[in-house]
Amino acid sequence: MDSEVARERALDAAEGLFYARGVRAVGMDEVRGASGVSLKRLYQLFPAKEQLVVACLDRRDLRWRGRLAEYVGRHEEPGARVLAVFDWLGVWFAEPGFRGCAWINAYGELGPTSPAVAERVRAHKAAFRAFLDTLAAGAGLPAALGGQLFLLAEGAMVTAGVTGEAEPARQAREAARVLLGAAGVSRPAPRR
C-alpha cells in the first residue's frame, strides 16, 4: 500500500476512534488494527500520536467548514444566511454518532499539555468566528454581532455534545433571530 493510501486509512481509523471514544482512550495499536496499516508504517507516517491527532483535526476542519459554507451558500438573503448556520448545526447535532465538537473535545483532553493541538483548536475556532463575522457584515449587522453569534453557536455545540440532543441548535437559532431583529434586520419567521 502506498504512503497516501496508508495515510488516509490511518486518518480515517484514528478520526473515527478518537471522536467516538476520546484521544487518550485510543492507542496507536488500536489505530493500526482498525486501519490495517502496520504499526511500523503508522509510526513512519506519524512519529507521535500528537501528530496523528493534529492531522485528524486539520482534515476534519476542512470538511466541517466546507460543509457549513456549502449549506449556508444555498441561501441568498443575508439574514437567512446567518440563521442557516444554526440550521446546519441542528443537522450536524442530529447525525448518528454525534459526540460534540471534535475540537472542544480534543482541547479538553490535550489542550493544556499539547501546544500543537491547542493551536489547531484555536485556528479552527478563529476561522469559524471569521466566517460568522463575514456573514454578519454581509447582513449589515454591527461588528459586535459576529462575536455574539459565535458564542451562541459554541454554546449550542457544547450543550448538544453534553445532552446528545439537537434542540440547542434550535434554541440558539431563535436567540440569533432575536439579535438580528434587535439590529434592524427583518425578522425571518421562526423555523418550524
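Worth knowing before you read on, the calculation uses all heavy atoms, side chains too, and leaves out hydrogens, waters and symmetry mates. Numbers here simply count residues along the sequence, with the first being 1.
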Sidechain-backbone polar pair: Ser35 side chain, Arg32 backbone, donor-acceptor under 3.5 Å: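 At least one qualifying donor-acceptor pair exists.
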With distance as the sole test, does Thr113 use its side chain to make a donor-acceptor pair with the main-chain N or O of Leu110 at under 3.5 Å?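 Yes, the answer is positive, given that a donor and an acceptor are paired below the 3.5 Å cut-off.
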I'd like to check the ring pair (Phe, Tyr, Trp, His ring centres under 6.0 Å) partners of Phe93; sequence neighbours left out, ordered by chain and number.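 In terms of ring pair (Phe, Tyr, Trp, His ring centres under 6.0 Å), with neighbours along the sequence ignored, Phe93 is linked to Phe98.
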Run the side chain to side chain contact (heavy atoms under 4.5 Å, CB included) check on Phe46 and Arg7 step by step: do they pass? CA-CA 9 Å; Phe46 304 100; Arg7 185 177 195 284; 3.9 Å; yes
Which heavy atom of [X] sits nearest a heavy atom of [Y], and at what distance?
X      : Y      : value
Ala25  : Glu30  : O-OE1, 4.1 Å
Leu152 : Ala175 : CD2-CB, 3.7 Å
Ala156 : Ala172 : CB-CB, 3.9 Å
Thr159 : Pro168 : CG2-CG, 3.6 Å
Val54  : Ala116 : CG2-CB, 3.9 Å
Arg65  : Ala127 : NH1-CB, 3.6 Å

Is it true that [X] and [Y] fall in one hydrophobic cluster, defined by side-chain heavy atoms closer than 4.5 Å?
X      : Y     : answer
Val121 : Leu68 : yes
Val5   : Leu39 : yes
Leu135 : Trp64 : yes
Met28  : Tyr19 : yes

Can you find a pair of side-chain heavy atoms, one from [X] and one from [Y], that are under 4.5 Å apart?
X      : Y      : value
Glu109 : Val53  : no
Arg120 : Asp61  : no
Gln51  : Leu45  : no
Cys101 : Lys125 : yes
His124 : Leu57  : no

Salt-bridge contact [X]-[Y] (side-chain N to carboxylate O under 4.0 Å):
X      : Y      : result
Glu95  : Arg67  : yes
Glu119 : Arg122 : no
Glu167 : Arg170 : yes
Arg59  : Glu8   : yes
Arg9   : Asp12  : no

Before giving the answer on side chain to side chain contact (heavy atoms under 4.5 Å, CB included), spell out for Leu83 and Leu180 the whole-Å C-alpha distance, their side-chain angles and the decisive distance to 0.1 Å. CA-CA 9 Å; Leu83 296 178; Leu180 292 177; 3.8 Å; yes
Determine the interplanar angle of the Trp88 and Trp92 rings, folded into 0 to 90°, and report it as parallel if under 30°, tilted if 30 to 60°, perpendicular if over 60°.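 Because their plane-to-plane angle is under 30°, the rings of Trp88 and Trp92 count as parallel.
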Could you check whether the rings of Phe128 and Phe150 sit parallel, tilted or perpendicular, using 30° and 60° as the cut-offs?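 If you compare the ring of Phe128 with that of Phe150, the planes turn out tilted.
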With respect to Val31, which candidate in Leu42, Val37, Leu11 satisfies the side chain to side chain contact (heavy atoms under 4.5 Å, CB included) definition?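 Exactly one option meets the side chain to side chain contact (heavy atoms under 4.5 Å, CB included) with Val31, and it is Leu42.
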In a check of side chain to side chain contact (heavy atoms under 4.5 Å, CB included) between Gln148 and each of Leu132, Leu141, Leu179, which one passes?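 Passing option: Leu179.
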Atom [atom1] of [X] and atom [atom2] of [Y]: how far apart are they, to the nearest 0.5 Å?
X     : Y      : atom1 : atom2 : value
Leu89 : Arg173 : CG    : CZ    : 11.5 Å
Glu15 : Leu52  : CD    : CG    : 10.0 Å
Arg81 : Tyr71  : CZ    : OH    : 13.0 Å

Can you establish whether the number of heavy atoms outside Glu76 located under 6.0 Å from its atom CD is more than 12?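 Not buried by this count: 12 neighbours or fewer within 6.0 Å.
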Given Leu62 and Asp58, is the side chain to side chain contact (heavy atoms under 4.5 Å, CB included) satisfied, shown in steps? CA-CA 7 Å; Leu62 293 174; Asp58 286 346; over 6 Å; no
Could you tell me if Arg60 sits above the aromatic ring of Phe18, with its cationic atom closer than 6.0 Å to the ring centre and no more than 45 degrees from the axis?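 That pair does not qualify as a cation-pi contact.
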